[in-house]
Colleague: 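Just dropping this structure here.
Remember, it's 1-based here, ligands and their atoms both numbered in the order they're listed. Computation of the quantities below employed the complete heavy-atom set of this structure, encompassing side-chain atoms and omitting hydrogens, waters and symmetry-equivalent molecules.
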Amino acid sequence: MYAFAPVAGQAKPDLYADLAAAARAIVEGEPDAVANMANLSALIWQFVDRLNWAGFYRAVDGELVLGPFQGKAACIRIPFGQGVCGAAAASGQTQLVPDVHAFPGHIACDAASRSELVVPVIRNGEVIAVIDLDSPEAARFDAVDAAGIEHLAQAIAGAI
Ligand code: SME
């Protein structure tokens, strides 16, 4: 049994430090990428509040393919360059989108989504996956959330 849990009321930088520590601990010694992404999705879902979707898309043969996640069933394949996830994958840059309706080409997998944070996972200079967080609240994510998920992405890049 794992007993990772966020501390009620803690400051966001501390929460993301705890999330990264839990993530490192949960993937430690486990070589199976699917098992690790499944547990990491569950940890993000548990630590980060006000989400309606959290999970992975993996770079497979030049497109993004759905990986383990929490939330409603989602679009399976996203070309690089399309939507928020495809923009993150194509540019290698975090995408912080306060209003998904204002993002050209946003792909609506869940009509409830209002804001989105997508962080590329980079290994050996290549985007191997993206971590996608969706919220039903407009402007749910800020620079602290982005830095926290970027830190997480670095911590787990070797384990997925
Ligand atoms: N909204 C994303 C698609 C993935 S889902 O939100 C899970 C996008 O525009 O890339």
Colleague: Determine yes or no for a side-chain-to-main-chain donor-acceptor pair under 3.5 angstrom, with Arg58 supplying the side chain and Ala129 the backbone.
Modeller: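 Checked: no pair found.
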
Colleague: Tell me the closest heavy-atom pair linking Val130 and Ala88, and the distance in Å.
Modeller: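 In terms of heavy atoms, the two residues are closest at CG1-CB, 4.2 Å.
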
Colleague: Give every donor-acceptor pair under 3.5 Å between a side-chain atom in residues 10-17 and any protein atom, sequence neighbours left out.
Modeller:
unit_1	atom_1	unit_2	atom_2	d
Gln10	OE1	Val7	N	3.1
Gln10	NE2	Asp18	OD2	3.1
Lys12	NZ	Asp142	OD1	3.0
Lys12	NZ	Asp142	OD2	2.9
Lys12	NZ	Asp145	OD1	3.4
Lys12	NZ	Asp145	OD2	2.7
Tyr16	OH	Asp145	OD1	2.7

Colleague: Hey, can you pull the donor-acceptor pairs under 3.5 Å for the side chains in residues 25-36, sequence neighbours left out?
Modeller:
unit_1	atom_1	unit_2	atom_2	d
Glu30	OE2	Asp32	N	2.8
Asp32	OD1	Val34	N	3.1
Asp32	OD1	Ala35	N	2.8
Asn36	ND2	Glu30	O	2.8
Asn36	ND2	Asp32	O	3.3
Asn36	ND2	Ala159	O	2.8

Colleague: Would you mind writing out a table of all protein N or O atoms found under 3.5 Å from any N or O atom of ligand 1, naming both atoms and giving the distance to 0.1 Å?
Modeller:
unit_1	atom_1	unit_2	atom_2	d
ligand 1	1 (N)	His106	NE2	3.3
ligand 1	1 (N)	Ile107	O	2.7
ligand 1	1 (N)	Glu116	OE1	3.0
ligand 1	1 (N)	Glu116	OE2	3.2
ligand 1	6 (O)	Asp132	OD2	3.4
ligand 1	6 (O)	Asp134	OD1	3.4
ligand 1	6 (O)	Asp134	OD2	2.8
ligand 1	9 (O)	Val84	N	3.0
ligand 1	9 (O)	Ile107	N	2.9
ligand 1	10 (O)	Val84	N	3.0
ligand 1	10 (O)	Cys85	N	2.8

Colleague: Under 3.5 Å, which donor-acceptor pairs do the side chains of residues 42-52 form with other protein atoms, sequence neighbours left out?
Modeller:
unit_1	atom_1	unit_2	atom_2	d
Gln46	NE2	Phe4	O	2.7
Asp49	OD1	Arg140	NH2	3.1
Arg50	NH1	Glu137	OE1	2.8
Asn52	OD1	Ser135	N	3.2
Asn52	ND2	Asp110	OD2	3.1
Asn52	ND2	Ser113	OG	3.1

Colleague: Given the rule that I, L, V, M, F, W and Y join up when any side-chain heavy atoms are under 4.5 Å apart, are Val84 and Phe80 in one cluster?
Modeller: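 Yes, it is one cluster - the side chains of Val84 and Phe80 are joined through contacts under 4.5 Å.
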
